[in-house]
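To start, the structure under review is shown below, and the notes come after it.
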Amino acid sequence: MNKKGQWLAVIIIVIGMLMLLNRNINLLTVAALILLTIGMVQVRKGDTHKGYRYLGIGAALLLLDNLMIVFLIVLASLAYFYSKNKKIHLDGNVMRKQNFMARYYWDQAPWTLRSMSLWHAMGEINADLSLSLPEEKQTIVLLQGIMGNVRLTLPEDYGVEIEASVLFGRISLNGEQDSGMMNKLVWRTPGYESSEHKAKFVISYIVGDLNISNP
């Protein structure tokens, strides 16, 4: 898409958001919607650093001016999170955390891979499974939230299954990416069934950037 087409898409998305809100809009809300839209465009183009900066500022402005809308979005996300927990039977010895902001850097030193259930309004997760020390043969990791930036590095000898969905943003698998709206991915590593250790990642964000690669 050329530059003119990109900005036309921005205008269409902003108009659609305004129609969705269906009420009197002040300048603060309009500015927030424009920043959110620009952020989505930047993420789609691959400039995630700048994109998430715009998205964060836009979300902050919406938080100031539309507390009820933000509250409803958070409630809906949490309800989906708990229903997903129940659906995939995450129980027993599972690490559970819900945070407004979260950062996990599991790509710098050996770390323990255990079944876990994480929700956050805004989060960044970098995980290198070649550095992981699994606690069990089969691990389930649930990652959900409003905005998320997830980087997964997968070793060749590890069986990994991924179910991911991003409403706005990008999903990249070994350099091949889908960006825009309503992106989904269901994928397994080659030789998954015969792997000694297996991990299943269930990932869901409203706005997200997911990158999966082999070292």
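As the structure is a computational prediction, the values presented were derived from the model and not from experiment.
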With a 3.5 Å distance limit and no angle check, can you tell me whether [X] reaches the backbone of [Y] through a side-chain donor-acceptor pair?
X    : Y    : answer
T189 : V160 : yes
S195 : G191 : yes
K198 : E193 : yes
D209 : G169 : no

Are [X] and [Y] side-chain neighbours, meaning at least one heavy-atom pair lies under 4.5 Å?
X    : Y    : answer
L143 : Y205 : yes
W119 : I146 : yes
R170 : N183 : no
R151 : N149 : yes
K97  : Y104 : yes
W106 : L131 : no
I212 : L185 : yes

Drop me the distance from [X]'s [atom1] to [Y]'s [atom2], to the nearest 0.5 angstrom.
X    : Y    : atom1 : atom2 : value
T153 : D128 : OG1   : CG    : 4.5 Å
S204 : Q144 : OG    : CD    : 4.5 Å
I171 : I162 : CD1   : CD1   : 9.5 Å
L210 : I203 : CG    : CD1   : 4.5 Å
E161 : T139 : CD    : OG1   : 12.5 Å

Looking at every non-hydrogen atom in both residues, tell me the closest pair between [X] and [Y] and how far apart they are.
X    : Y    : answer
S132 : Y158 : OG-CE1, 4.0 Å
S115 : Q138 : OG-O, 4.3 Å
H120 : I125 : CE1-CD1, 3.9 Å
P155 : L129 : CD-CB, 3.4 Å
L133 : P110 : CD1-CB, 4.4 Å

Could you give me the CA-CA distance, side-chain angles and deciding distance for K137 and H197, then say whether side-chain contact (heavy atoms from CB on, under 4.5 Å) is met?
CA-CA 5 Å; K137 298 289 185 180; H197 292 98; 4.2 Å; yes
Evaluate whether atom CZ of R103 has more than 12 neighbouring non-hydrogen atoms of other residues, nucleotides or ligands under 6.0 angstrom away.
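Result for CZ/R103: open.
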Going hydrophobic residue to hydrophobic residue with side-chain gaps under 4.5 angstrom, can you get from Y192 over to L152?
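Unlinked, Y192 and L152 end up in two clusters.
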